[in-house]
Amino acid sequence: MKPPPFDYTAPRSLGEALRALADAAGDGKVIAGGQSLVPLMNFRFARPGLLVDVNRIPELTGIRRRDGELRIGATTRQADAEQSGIIARGWPLLRQALPHVAHQQIRNRGTVGGSVAHADPAAEICSVLLAYGGRVEVASVRGVREIDASDLFVGQFVTTIEADEILTAVVVPPPPAGTGTAFHEVARRHGDFALAGAAAAVTTDDRGRCERASLCLLGAAPTPIRRAAAEAHLVGNELTDAVLAEAVALATADIEPPSDVHGSSAYRTRAAREMAARALTEAFARSARDRGQRKEAS
Amino acid sequence: MRVEINLNGKPFAADVEPRMLLSDFIRHEACLTGTHVGCEQGGCGACTIQVDGRAVRSCLLFAIQVDGSTVRTVEALSDERDGALHPLQEAFRECHGLQCGFCTPGFLMSLEPALASGPLDDEQAIRDAISGNICRCTGYAGIVDAVRHASNTIWNDPDIGTVDDLGSLGEDAPRSGAGDE
Amino acid sequence: MSEMIPRLVGQRVKRVEDPRLLTGRGEYVDDVHLPRMLHVALLRSSVAHARIVGIDTAAAAELPGVHLVVTADDLRDRVQPIVCDILPPGAWQTSAYPILADGKVRFVGEPVVAVVADSRYVAEDALEAIGVSYEELPPVMTVTAAEAGPETQVHEAWDEAWFTHKQLRVGDIDRVFAEAAGVTRRSVEVGRHTGMPLETRAIIADYNPSSNALTVHMTTQMPHIMRTGLADHLGMPEHQIRVISKDVGGGFGVKAELYPEDILVSHLATRLGRPVSWVEDRREHLLGTIHAREHFYELEAAWDESGRILAVRAEIRVDGGAYSVYPYSASMEPGMAMGVLTGMYDVPVYHADSWAIATNKTPLGPYRGVARPSACFAMERLMDAVAHDTGIDPLELRRRNLVRADQMPHTTPSGLEYDSGDFEATFRKAAEILDYDATREQQEELRGEGRYLGIGVGSYVEQTAHGAAEFVKRGLPVIFGYDTSRIRIDASGNVLVHPTSHSHGQGHETTIAQVVADALGIEIERIRVVYGDTQDVAYGSGTLGSRSMVMAGGAAHLAAVELRDRLVRIAAHNLEVDPGDLEVADGEVRVKGSPATAVAITEIARWAHHRPERIPSDLEPTLEVTSSYGAPPGTGAFSHAVHMALVEVDPALGTVQVLRYVVAEDCGRIVNPMIVDGQVTGGVAQGLGGALLEEIVHDAEGQPLTTSLLDYLWPTAHDVPFVEIGHLESLSPFTIGGIKGMGEGGAIAPGAVIAGAVEDAMRPLGGGFVRKVPLTPERVLNLLNVDPTGRVPESHEENQK
Ligand SMILES: Cc1cc2nc3c(=O)[nH]c(=O)nc-3n(C[C@H](O)[C@H](O)[C@H](O)COP(=O)(O)OP(=O)(O)OC[C@H]3O[C@@H](n4cnc5c(N)ncnc54)[C@H](O)[C@@H]3O)c2cc1C
Ligand code: FES
Ligand code: FES
C-alpha cells in the first residue's frame, strides 16, 4: 500500500497555491489534513499529479467571530474546533458533532475545510454546516466566491468546488437566541462513519412552539440532506408525539440510503428515523431549557 | 526532495521522493523502528507519533509535509531520561498494558500529550483518548489501568505540581480554545 | 515425574520483555535492515475463480528499479506447491496451493505475479504495468452451492465438494430420540472472520552463496516447523536453513502456517543472491492470510422431562476455502468441532458428521480457539434452545447436564479424556461474580423502565497442550508431540534458556524464567530466555494450541532439574557430603538444616568451566542440558471456563452494549496470574469482535467486501469492558506442576455468551432465536422477525444474510 508518485508544492501564500493549482490544469489536488486523501492514495484509488499542500498558508487557519458569524479557516484542525470556546458557546451543534468525527489523532490533523471539501455523505461536519445554513468561501485565480451549503454538496464525494478552487473558510451564521441543538448518530463503533445520523437545531417561543427548525440527515443519501418538509411541519407546533411522528415520517419518507456490509438500506432508513426523532426531541428540550434559563436571568 | 526535521531533539535530514510516507521515513531512513506500521489506512494507530507536539498518524503524512517540524517518536521517552522508563511506560509495565508490544509505541505517543495537559483518570475519558489506537492483544484493560496509574503518578507528584480540576467543565464547554483567535 | 516447588511460580512477576518493547527496541521482522535488500510486491488475483489465459509482464520488467518479475512459469520445478494431506485412513481429497497461481486462480487475493524491486514503492508501480487476462469461471461461494454440484468444482478433479468427511457414531440414537420427552432442533452458523494481529506477516530472506546458507527472518509462531516446510518446498537441505523469529506482533494462529509467500521470498533470495523482503500490507492480510470460523451446524437434541440431554445429533460444515493449509490440513476444523462439541455436558449418545468443503475463498485455518469458538457457539445455542423449549432457566439447565467432578477422569463420546476439573464449582463461581439472581432482578426492574438487558451464559472445556496421542488421532501430517528447552549455565553462573516455544505476546521470557528460577533456586535476574532462532535449540513445535507453558515450560523444568542435580553433585563432591543432604536455594547449594555450609552457584559454575579438577570424574565439564517434554500420555490437559455477560440492547437501533463480562476459569496451576488475566481478557476481546463486529463478507461474484479497516472492524477501547475474572486451580495429573494450557480460552465463549444475552434481552419484545454471529445491529433488529425456533419468515431471509 504505497502511493503512486506525484509532484509536491507547499506554497506560503494563497496566491501561490492558486497559481500552482491552475497550472496543474486539473491534475492537481489540494492536501489539507490528508486524513481522507492519503488513505485513498495509499490504496492507489487517488493519483493526483501534483499535490498542493495548503498547510503552510497562515491566512487559511483560525477560528473567529466576524459580524456575528463564525468563520473557520479551512485548515483549522478538527481538534482545535472541538476545543474552541467560540464554537462551544455560539455553535453548540458543531461542538456536539465533532467528537463523533473519527478519533483524537485523526482530528489532530484532519481539517474542517478538508472534511467539507471531501463531502463524505456521512461526514458530521458537512451535515452541521448544512443544518446551520452555512456557506463556504472559495478562491481561484479567477477570483473568490461563496457557495451556500445548500448548493455545495451535489453527490457522494462531489461538491460544486471546481478543480482549480481552494476552499478558504467555512462561515456559519449565528443561530437565533433560544435555539436548542442536538446531534445523534449510530455507528458500528464509536468514531466510525455513521450508519445514520441527524443534526437538529430548533428555536421555540415562550409557549414551546417551534419558530424555526432545521433538520439534517447524514448517511441517508449521497449527500447530507436538509429536510424542509419536516421543518415546515414543525414550525408553529409544540413537539407532541403526533407532531414528532409526522415530522420524522416527512423527513425519512423518500430516503434511499445505500446498502453495504454494515447495514442495508432498510436498516439505515429505520435508524435514520430513530436518529431524527431523538435529535428533534433533544433539540426541543434544550431550546426550552435555554429559554427557561434566560427567563430566570432576566 | 530534501526533508529536514528535528527528530527526538536532533536534526535529521534525507533526500526522498515526495511520496515517501512519514512512517517509512522514520523507520527506514532514520532507522528508528520503534514506530510501527499496522495498516497504512489510518485504521490502527500503531504508527502514531508526535508532530509539533500533537499525536498524529505517521502513515497518513508524507515526510515532505513535516519538513522543518519537530517530530517525536517513542524512542524519545526513555532517551530523554537516560534510558529510564517514563512514568507512563512504568505504568504500562506495572499494569500489564502490553503483550506483543506492537501497538504500544502508538499508545504511548497518543497518551503522552493527553496526560501532559491534565489528569486523565476517568474511564470514559481514557477510552476516548485511546479509541484511535487498536490493541489486538490486551483487550485494553491493562492499558486503561496503566493510564490511570500514570495519571496518578504524574499529577500527584509534588515535583510535577498539580493543576486545577480540568474535568469539571460541562459537556459543551471548551477545554483549551487552542484554535480560537 | 520431578516435582515443582513453586516460589516464583504463582507470583505476579512483572514482565522481563517489557522494557525493550516499551522503549521501541523490540525487533520485529520489518525492523531488520540488511544491506542491498530488495523488496517484493505481489499481484494478486482480482477474480475468485478463473483460468489464467495470459500474463504480460514485459512493461513491468522494463521499469527502472525493477530487478525481477516472476510468474508460475518461472517457478516450475524449482519450488513445490503446498500440499497438506491428512494421514490415512480417512475420506480425503487433496489440493495443491501453488506458490504463484498456475493456470487457474481459486480465490480473490491468490498470488499471481511477484515483482522484485529496489523499493516497495517501485515494486507496486510495476504491478500496475502487468496485464493478466482471465477466463472467468462461475465461483463457488457457499457450502450449499458447493454441495449442489457446481458447473466447475474448485478443484476440477474432485468427485465431491469436500476435502474431508468424518463421522462419529456413539450409541443407539434413533431409539433415544424416539423415546425422548422432547426434541429441540436448530441450525446455527458462525461468520467468517480472522486473527488480524496488529503486525501483518513479513519475511526477509537472506542467502549467503559462500556458505550456501539461507537465513529467513519471519513472523512465525513455529520456527522449526517452518524450517522443515521451507526445506521440503524449496528442495534445500534443512541444515542450510535458519529461521529467525524474534519479536512478533501477535499471531493468534494465523502466523502458524506455511504460506506461499514464505517459499516464494526464500526462493527469490537464493535466486538473486541478495536479501529480499516482503511485508504484507493490511489489504493483503485480509485477502491472503488465512481466514477462520465459518461453520454451519444442523443440531438436534433429545431430552427428558428434567431437561437432561439424552442425545445430540450434529451435522457440521466448514467453509474451508480454496486450499488445505500446512501443517494442519483442512480436516482440523471439522474434526475438532465434532470432537469438542459436547463440551462440559454429559451427553451419552452422540452422532455427528463433519465436512470441510472447498469454496473460492481464502483458505481457512486455525485462529485462537480453532474450532472451539464455533463448536461452543453451536452447543450453547442448543442449550439455550432447550432451555427455551423446556422452560427451564438457562443456567439451571446447564447445571443439570454437567459432567460432575466425581465422574473425573471422564471420557467423552468423542474419546477426549478429561483429566480433572469441577465444572459445577466453576459455574457457581461465575454466577457468584455476576450475582446471577440479583442481576435477573435488575433486568426485570429495568424492563419496566423500557430498558432491555440480557444475560448470556457459555462454557467450554479446552483441550490444551495436546500431545502426540491427540494429533495422531487427528491424522495431521505433522505431530506436535513435544517441545524442547535447552539451558546453559555459563562460567559466570548466568543462565541462558532457549525454549522452542515462541512468544508473540504471551510473555515466555518471564514465565519460563520463573519456572527455571524455581528449579535452579536462583534469582530471575540471572536468567535470560531467548527464543525464535532455529540455530539455538534442537527441535520443537512452537507456540500453538495453548501448549507453551505445559510443553516448553515442562521441558525447561526438566532441563533445569537435571542441571540442578549436576550443581548438587559438584557441590557434594567439594563439600564432601552426600548429595542427598544438599538443597538448592537463594543462589547456593547448601546442607539441609545447616545453611552456613554452602557453595554459591556462581562458584560451582566457575568450577564446571575452569576447574575441571573440582568436578566429579563421572561428570562432563560445562553445564548444558537439552530436554524435550510431551506431557505423557499426550491426551492433553483440560482447562475449562464459564463465561457470563450482561448486555443492553437498544431495541430501536439493534446496537449492543456489553455492560459486564465475567469469566470463571480453571487452567490448573497458574504460573503468573497477571499474564493469565491478560490472556483471558485479550481472548475475550477477540471473541467479542467475532460476536459483534468482525466478519469477512463476499458478494455473489466472489469479491470480498471487507478489504479495508473501514469494513473489517476490530474492537476498539470502547467495545471491550473490563473482564471480571475468577480462578479455580484443579491441577492436571498429567503435567509437570499440574499446569494446564491457556491463552486461547478467552476467545472461545464470547460468541455463545453474547448471542444468548442478546436473545435474552430481545425476548420480551418478541425477539426470536439468534442463529448467527456477528450480531450486527441489523441482525439484532431482525430478531423481531424470527420465531423462537429459529425459522425466518421468508420475506426476511434477505436481511438475515
Ligand atoms: C480512520 C478514519 C476514520 C474517520 N472517521 C471519520 C468520521 O467518522 N467522520 C468524518 O467526518 N470523517 C472521518 N474521517 C475523515 C477525516 O475527518 C478527514 O480529516 C476529513 O474527511 C478530511 O479532512 P482532511 O483535512 O484530512 O482532508 P484531506 O484528506 O487533505 O482532503 C480530502 C479531500 O478534500 C480536498 N480538500 C481538502 N482541503 C481542501 C481545501 N481547503 N480546498 C479544496 N479542497 C480541499 C482534497 O483535495 C481531498 O480531495 C476519518 C478518517 C480516518 C482515517
Ligand atoms: S499504520 Fe497508521 S494507522 Fe495503521
Ligand atoms: S500488545 Fe499486541 S497489539 Fe497491543
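Here the structure is a predicted model, which is why all the values come from computation and not from measurement. Naming: A, B, ... by sequence-line order, numbering from 1 per chain.
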**OP:** Below 4.5 Å from any heavy atom of chain C, which atoms of B/Gln41 appear? Answer side chain, backbone, both or neither.
**Re:** side chain

**OP:** Below 4.5 Å from any heavy atom of chain B, which atoms of C/Leu688 appear? Answer side chain, backbone, both or neither.
**Re:** neither

**OP:** Can you tell which part of B/Thr104 gets under 4.5 Å to a heavy atom of chain C, answering side chain, backbone, both or neither?
**Re:** side chain

**OP:** Name the region of B/Leu98, side chain, backbone, both or neither, that has any atom closer than 4.5 Å to a heavy atom of chain C.
**Re:** both

**OP:** Pick one of side chain, backbone, both or neither for C/His504, based on which atoms fall under 4.5 Å of a heavy atom in chain B.
**Re:** backbone

**OP:** Please look at C/Val248 and chain B and tell me whether the side chain, the backbone, both or neither of the residue comes under 4.5 angstrom of a heavy atom of that chain.
**Re:** backbone

Original post:
Tell me, side chain or backbone of C/Val32 under 4.5 Å from chain B's heavy atoms, or both, or neither?
Top reply: neither

Original post:
How are the rings of B/Phe92 and B/Phe107 set relative to one another: parallel (under 30°), tilted (30 to 60°) or perpendicular (over 60°)?
Top reply: tilted

Original post:
By a 4.5 Å heavy-atom criterion (distance strictly below it), what part of C/Tyr28 contacts chain B: side chain, backbone, both, or neither?
Top reply: side chain

Original post:
Considering only heavy atoms, which portion of C/Pro715 lies under 4.5 Å from any heavy atom of chain B: side chain, backbone, both, or neither?
Top reply: both

Subject >> Most contacts with chain C, counted as non-hydrogen pairs under 4.5 angstrom, among B/Glu40, B/Met20, B/Glu90 >> reply: B/Met20

**OP:** Verify the distance criterion only: is there a donor paired with an acceptor across the side chains of C/Gln679 and C/Glu744 at less than 3.5 Å?
**Re:** no

Original post:
Under 3.5 Å, is there a donor-acceptor pair linking the side chains of C/Ser119 and C/His39?
Top reply: no

Original post:
Considering only heavy atoms, which portion of B/Ile143 lies under 4.5 Å from any heavy atom of chain C: side chain, backbone, both, or neither?
Top reply: neither

**OP:** For residues C/His291 and C/His193, establish whether the separation of their ring centroids is below 6.0 Å.
**Re:** no

Subject >> Option in C/Val720, C/Leu709, C/Thr681, C/Asp31 with maximal non-hydrogen atom pairs under 4.5 Å from chain B >> reply: C/Asp31

**OP:** Report, by ascending residue number, the residues of residues 19-26 of chain C in heavy-atom contact with chain B at a distance under 4.5 Å; give 'none' if the set is empty.
**Re:** C/Pro19, C/Leu21, C/Leu22, C/Thr23, C/Gly24, C/Arg25

Subject >> Most chain B-contacting option - heavy-atom pairs closer than 4.5 Å, from C/Val723, C/Val279, C/Ile675, C/Val680 >> reply: C/Ile675

Subject >> Proximity breakdown for B/Cys95 and chain C, heavy-atom pairs closer than 4.5 Å >> reply: backbone

Original post:
Considering only heavy atoms, which portion of B/Glu94 lies under 4.5 Å from any heavy atom of chain C: side chain, backbone, both, or neither?
Top reply: both

Subject >> Contacting moiety of C/Asp677, where chain B heavy atoms sit under 4.5 Å >> reply: neither

Subject >> Region of B/Leu108 in contact with chain C, defined by heavy-atom distances below 4.5 Å >> reply: side chain

Original post:
Is it the side chain or the backbone of B/Asn133 that comes within 4.5 Å of chain C heavy atoms, both, or neither?
Top reply: neither

Subject >> Per-residue contact mode, B/Phe102 against chain C (heavy atom under 4.5 angstrom) >> reply: both

Original post:
So which part of C/Asp247 gets closer than 4.5 Å to some heavy atom of chain B, the side chain, the backbone, both or neither?
Top reply: neither

**OP:** For the residue pair C/Thr194 and C/Tyr367, establish whether any side-chain heavy-atom pair is separated by less than 4.5 Å.
**Re:** no

**OP:** Using a cut-off of under 4.5 Å on heavy-atom pairs, state which of B/Ala76, B/Cys100, B/Gly45 scores highest against chain C.
**Re:** B/Cys100

Subject >> Contacts of residues 65-75 of chain B with chain C (heavy atom under 4.5 Å) >> reply: B/Val74, B/Glu75

Subject >> Segment of B/His86 engaging chain C (4.5 angstrom heavy-atom cut-off) >> reply: neither

